[in-house]
Amino acid sequence: LEIQDDSNFIRELTIELDKRDDLKNGDSVTASIDEERVSYFIQKHGIAPSPLKKEYKIENLAAYAEKDSEVPEELLEKMKKDTVDKLQAELAWQSNSGVSYSGAEYIGNYFLNAKKEGRSGNRMVLVYKVTANVKFPEAGFDQNFNYYYYGSFSQILLKPDGSYSIDSYFSTPTNYVQFDTGVKFLGISRILDFNGFQTLEELKTEAVTRGVDSYTVEEHINEGGSGESAQESTSAAESGEGGESEAAGSSEAETTAAA
């Protein structure tokens with residue numbers, strides 16, 4: 001509450017608010033002058049404050065998005081691009097192992113809202129079904145491998161002027177899924193690791209289920225429907241520059257073949 005009067009004696013009054021925390025647009029807040037101070041104030045200054053109580057409606061506050069439909073299309077497209085760029089960068093690190101990016105189908109999202117009292121915020125987990133191609137020309141091997149991948153974004157804040165802000169950090173899988181090619185080199189089976197998950201349920205457990213104590217979850221997944229495909233772009237997948245993906249990128253693992 002801002003006191004508009006410049007007179008110092010106004011500050012002698014005690015003004016109390018019935019609500020201070022977790023305010024959002026549309027809420028009502030009542031400001032009240034402590035009546036115990038009024039008699040003293042009248043005797044000292046010869047004037048009486050009025051009114052002693054007034055209600056204010058909260059408006060023009062920035063607010064966290066509460067569902068995926070509130071996320072601006074421009075922001076959603078940026079999050080999709082950031083996720084696919086990171087995915088392509090990770091696969092580019094395996095280009096010397098015969099791996100290339102073939103495509104990624106956006107199949108929807110999980111939207112999480114903070115639910116504990118005194119907390120606010122959100123997370124939006126974008127989910128992709130990825131197709132990676134693996135080629136070993138010397139062995140006549142050329143196959144695609146499918147797995148699931150996500151980009152998790154948080155603190156999507158919508159501002160009154162139509163702009164928005166979001167946490168600049170986003171997370172992607174640290175879990176690995178293996179692809180056993182069955183191709184042997186010097187008696188060793190070539191097994192490739194990819195950042196991601198074999199099943200959608202495994203992805204959900206890692207990216208969503210572990211947060212159910214803190215968030216309410218809305219699921220908007222449409223696997224097998226008319227998903228949106230992300231074609232290869234002129235990004236890290238072509239340049240071979242992995243950036244931050246080096247630490248979390250895919251790697252090749254070799255295991256001794258069974259006798």
Side-chain angles (χ1 to χ4, degrees), residues 22-27 58-92 101 103-116 119-130 148-174 195-197 200 203-204 206-212 214-223 225-239 241-245 248-249:
D22 299 324
L23 297 175
K24 60 183 179 180
N25 292 323
D27 285 351
I58 301 300
E59 57 186 15
N60 295 324
L61 285 181
Y64 288 105
E66 296 184 347
K67 50 189 176 181
D68 68 338
S69 60
E70 293 180 356
V71 177
E73 187 65 27
E74 176 187 11
L75 175 57
L76 178 59
E77 292 305 315
K78 181 182 184 304
M79 292 191 295
K80 288 179 179 179
K81 182 179 185 304
D82 287 346
T83 301
V84 174
D85 284 352
K86 179 73 180 294
L87 166 64
Q88 291 182 1
E90 291 174 358
L91 291 176
Y101 170 85
E105 179 188 5
Y106 175 66
I107 61 174
N109 70 78
Y110 299 99
F111 197 91
L112 292 77
N113 274 314
K115 67 180 180 181
K116 287 189 175 180
R119 293 190 57 177
S120 58
N122 52 38
R123 281 203 298 125
M124 189 171 185
V125 182
L126 308 187
V127 182
Y128 284 85
K129 186 172 184 179
V130 181
Y148 295 91
Y149 190 87
Y150 71 78
S152 180
F153 299 80
S154 61
Q155 304 301 83
I156 303 171
L157 189 66
L158 309 178
K159 300 181 180 180
D161 62 2
S163 63
Y164 55 80
S165 66
I166 185 172
D167 191 331
S168 60
Y169 172 80
F170 70 98
S171 62
T172 54
T174 56
N195 283 19
F197 303 87
L200 188 58
L203 181 150
K204 183 177 180 180
E206 172 71 23
V208 179
T209 306
R210 293 179 181 178
V212 295
S214 302
Y215 297 90
T216 57
V217 181
E218 292 184 4
E219 183 173 327
H220 308 281
I221 300 295
N222 184 28
E223 185 179 16
S226 53
E228 171 187 319
S229 297
Q231 301 300 320
E232 183 168 8
S233 63
T234 55
S235 64
E238 292 186 0
S239 66
E241 297 177 358
E244 64 175 344
S245 66

> Stepwise, does the side-chain hydrogen bond (donor to acceptor under 3.5 Å, both in side chains) test hold for Y150 with E206?
Replying inline: CA-CA 10 Å; Y150 71 78; E206 172 71 23; 4.6 Å; no
>> Quick one, F170 with F153, criterion ring-ring contact (aromatic ring centres under 6.0 Å, His included). Give me CA distance, side-chain angles, the key distance, then yes/no.
In response: CA-CA 5 Å; F170 70 98; F153 299 80; 4.8 Å; yes
> What do the steps show when you test L112 against V125 for side chain to side chain contact (heavy atoms under 4.5 Å, CB included), and what is the final call?
Replying inline: CA-CA 8 Å; L112 292 77; V125 182; 4.3 Å; yes
>> For a side chain to side chain contact (heavy atoms under 4.5 Å, CB included) check, start with the C-alpha distance between M79 and V71, then their side-chain angles and the critical distance, and finish with the verdict.
In response: CA-CA 11 Å; M79 292 191 295; V71 177; 3.9 Å; yes
> For R123 and Y110, what are the C-alpha separation, side-chain angles and deciding distance, and is it a side chain to side chain contact (heavy atoms under 4.5 Å, CB included)?
Replying inline: CA-CA 8 Å; R123 281 203 298 125; Y110 299 99; over 6 Å; no
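Atom OG of S69 is separated from atom NE2 of H220 by 7.5 Å, given to the nearest 0.5 angstrom. For the atom pair K80 NZ and E73 CD, the distance stands at 6.0 Å (nearest 0.5 Å).
With Y106 as the fixed residue, the side chain to side chain contact (heavy atoms under 4.5 Å, CB included) test singles out one of L126, V127, N222, V84: L126.
The two residues A114 and Y215 come nearest to each other via the heavy atoms N-CD2, 3.4 Å. The two residues G108 and I221 have their closest heavy-atom pair at C-CD1, 3.8 Å. The two residues D167 and Y169 come nearest to each other via the heavy atoms OD1-N, 3.0 Å. Between F111 and M124 the shortest heavy-atom distance is CD1-CG, 3.8 Å. Taking all atoms of both residues into account, the shortest heavy-atom contact from I166 to S154 is CG1-O, 3.3 Å. Across P72 and Y164, no two heavy atoms sit closer than the pair CG-CD2, 3.8 Å.
Looking at residues two or more places apart in sequence or on another chain, you find no salt bridge (Lys or Arg N to Asp or Glu O under 4.0 Å) involving E70.
The main-chain N or O of E66 is never found under 3.5 Å from a side-chain atom of N122 such that the two would form a donor-acceptor pair. Judged by distance alone, with hydrogens and angles left aside, the side-chain atoms of S152 form no donor-acceptor pair with the main-chain N or O of S171 at under 3.5 Å.
In this structure, L76 and N109 have side chains that are not in contact, with every pair of non-hydrogen atoms separated by 4.5 Å or more. In this structure, the side chains of K204 and F197 stay at 4.5 Å or more apart for every pair of heavy atoms.
Salt bridge present: K78 and D82 bring a charged side-chain N and a carboxylate O closer than 4.0 Å.
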